[in-house]
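Note sheet for the following structure.
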Amino acid sequence: MPARPASIEQLLASKEVVISCGSGGVGKTTTAASLAAMAAVRHGGKVLVLTVDPAKRLANALGLEGFGNTEKQVPSEAFAAAGVKPRGQLFAAMLDTKESWDALVARHAPDRRTAQAILDNKLYDNISSRFVQSHEYIAMERLYELHCEGEYDLIVVDTPPTRNALDFLEAPQRMAEFFSSRFLRLLTAPYRSRIVSFASKPFYTVADRILGTEFLEDVAEFFGLFQTMAPGFVERADAVTRLLHDKRTTFLVVSTLEAAPLHEAEFFIDVLQDKKFHLGAVVLNKVLPSYLLDEGAAAAAAVMEKQAGELAAKLGPDIGDAALVRRVLVEIAESFLRFQVVAQREAEQRSELAVAPDVVATVPYFEVDIFDLAGLLRLGERIWS
Amino acid sequence: MKDLLDRKLVFVTGKGGVGKSTVAAGLALLAAERGKRTLVCEVDAKGNLSAFFETGPTKFQPGEVERNLYAMSMDTEESLKEYLSINLRLPVMARIGPLARIFEFVATAAPGVKEILTVGKLTYEVREENYDLVVVDASPTGHIVGQLAAPEAINELVKVGLVRSQTGWMLDILSDPERTGLVIVATPEEMPVSETIDLSHRVEQETSVKLAAIVVNRVLPELFGRGEEEVFDRLAEPDAVAALSGAVGGSVAPIVEAARLAVTLRRTRAGHLERLRHEIDRSIPLLYVPYLFTRSHGLRTTRQVAEALAAELGY
């Protein structure tokens, strides 16, 4: 058995697909982008970061004016400006749900007329943006497509902000289940045969009163058309599920050390392990610096607070007016102690992270925003090894 | 401008991780403490809300968590059952179960149905005057527009039927700024501020709900007053740090580092706050909640948030 990777550097060298997940606001997208950039610089080859986050700032950071469904190469000037010469190439793409859905319909519809009828249906617009976690499904489907094309050595994908971080894992399966569902048959039956079966009669009586016949017929017509795509969709959804389980695929769980995101990360780790997905690493973002935990400094801060007046006098007038110096000493001592409380809480949360995956990377709180490739690489550097 | 808590229905949204639920819980607690019979409803059933009141898990049936304060979590299937039993007066309750399951299926597939069951239940509580105030821990920024615009979406798709006729009173409640308002929670960081600005435009254009306030959460205190920063800069010089360490009897380097971090964080954040103030309509109040340097989250922090909001609202 090969040795398990001990760092993200090794992990990324041995995988083809890396999926970055976690709850909202923990820095998933930035982590994905910075790791893709690092891989392009250090490992070489063609690396793609596929994001679902339409952040303009990220596009700017990558030296792109914007990017869409088609992949765009990050210009060499951006790397030059960051002072590095990458061994490989970096590409970026953003998931466009609507465009991807249209492409899916075109692929899976039995003929062009049916495809057009689906695209023209007034429910389609709404459905392509909301229906059965369509965003999550499309993200995984697009990943599959890009992986199949074989253009890239490594694809790092950032997952959509979901109500439930697991939705995208189950999305392909749910899509397949949807097509074989008894309810779908029930719903499309009147459209096909105009005969309402005994079983569905109470449903229609009630539904008619509440939603109106016309709407139900619209729904039935739409799903009737939609059902023609079932074989293609089901087959594809199964293939997507297989890719997620493939040994070339790994998951990164990103979190901060705050209670709620960490709680979700733990839950997520459990499910990944339970369902036998490959958990590659945990990235803990925005962690307060470790010097805040320094016990000697806490004692020093207590002394500073208590003896601020005498200390100010000892430091002398070169530093400033004694009263002013005294106040500053008290303020910075208090500030240190306040931050220490939070740092201690974080350290506790960290140790409570019960399941210990092989790789845990801790990334410090960056005081300044990341606005260019150099910033992404600086962050990536901290996660890398 | 109408007082935020004098409205009947307040939706609280925000980007993930900014403390949306904390603020919703704080607002609800404040209202209850001020004597209003208050319902707080968690829309995405993650079960986090109960932690803010340190109670057991919330259910669809509201339970009293504090005096005057009731908490519930939204469950569209339960909401549908309730809807069917109120509207159809079905003689046998047992028949509702299977029906609800089929509806649930239609709801996952047909647009707007799930959202209307959520918004419908909340506006129903307002219409029936069951509470003085309903505070909604609503969907995050990415999903909130779809939720608030559900009645319009249904109106567009459904031309006749019971639901259609009911979107009328829902819209009456939602579009009345005296009764309904949206609160966006942000932290003074780049992405939350950008999302807040974008969302304020989208809400204006795509929904009938009016933005009532923006809560800026986790605002760091200004560390230094007038003239103090220059003193700190001199104090942070290596010689001074060494001298001070000697006088204290231990290294003060981490303390100086931590102060520098606090100053830098505050400064970058001030820039984002300025952008927020500049881009958001002047008439929208910005309420500031300080960064809480606390050990844990629970009822005590919820109270601190409620107190901070009370001060900002001028109570």
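What you see is a predicted model; the values in this text were computed from it and never measured. Convention: sequence-line order gives letters A, B, ...; per-chain numbering from 1.
Contact residues of residues 306-317 of chain A toward chain B are Leu311(A), Lys314(A), Leu315(A) (heavy-atom distance under 4.5 Å).
The parts of Ala301(A) that come within reach of chain B are both its backbone and its side chain, each placing non-hydrogen atoms under 4.5 angstrom from that chain. With a 4.5 angstrom heavy-atom cutoff, Pro221(B) touches chain A only via side-chain atoms. Only the backbone of Asp318(A) comes within less than 4.5 Å of a heavy atom of chain B; no side-chain atom from C-beta onward does. With a threshold of 4.5 angstrom between heavy atoms, Arg267(B) does not approach chain A through any atom at all. Looking at Leu220(B), the atoms closer than 4.5 Å to chain A (heavy atoms on both sides) all sit in the side chain, from C-beta outward. Heavy atoms of Glu189(B) lying under 4.5 Å from chain A belong exclusively to its side chain.
Shown here are the side chain to side chain contact (heavy atoms under 4.5 Å, CB included) partners of Thr141(B), two or more places apart in sequence or in another chain: Thr13(B), Lys15(B), Glu195(B), Leu199(B). Partners of Tyr83(B) according to the ring-ring contact (aromatic ring centres under 6.0 Å, His included) rule, which considers only residues two or more places apart in sequence or in another chain, do not exist here.
Interface remark: of the candidates Val26(A), Val328(A), Leu324(A), Asp321(A), Val328(A) forms the most heavy-atom pairs closer than 4.5 Å to chain B. Of the listed residues (Val163(B), Val263(B), Leu292(B)), the greatest number of heavy-atom pairs within a distance under 4.5 Å of chain A belongs to Val163(B). Among Ala299(A), Pro261(A), Ala297(A), Ala298(A), the residue making the largest number of heavy-atom pairs under 4.5 Å with chain B is Ala297(A). Here Glu331(A) is the residue among Glu258(A), Glu331(A), Glu348(A), Gln349(A) with the most heavy-atom pairs under 4.5 Å with chain B. Heavy-atom pairs under 4.5 Å with chain B were tallied for His263(A), Glu334(A), Arg327(A); the largest tally goes to Arg327(A). Interface check for chain B: of the options Val303(A), Ile332(A), Ile319(A), the most heavy-atom pairs under 4.5 Å are formed by Ile319(A).
Counting non-hydrogen atoms of neighbouring residues, nucleotides and ligands closer than 6.0 angstrom, the CD atom of Glu274(B) reaches no more than 12 such neighbours.
In this structure, Phe339(A) and Phe293(B) have perpendicular ring planes: the angle between them is above 60°, well past the 30° mark.
Counting heavy atoms from C-beta on, the side chains of Arg345(A) and Thr294(B) come closer than 4.5 Å.
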Pairs under 3.5 angstrom only: tabulate donor-acceptor contacts from the side chains of residues 237-255 of chain B to other protein residues two or more places apart or in another chain.
from: Ser245(B); atom 1: OG; to: Val241(B); atom 2: O; distance (Å): 2.8
from: Ser245(B); atom 1: OG; to: Val252(B); atom 2: N; distance (Å): 3.1
from: Ser251(B); atom 1: OG; to: Ala253(B); atom 2: N; distance (Å): 3.2

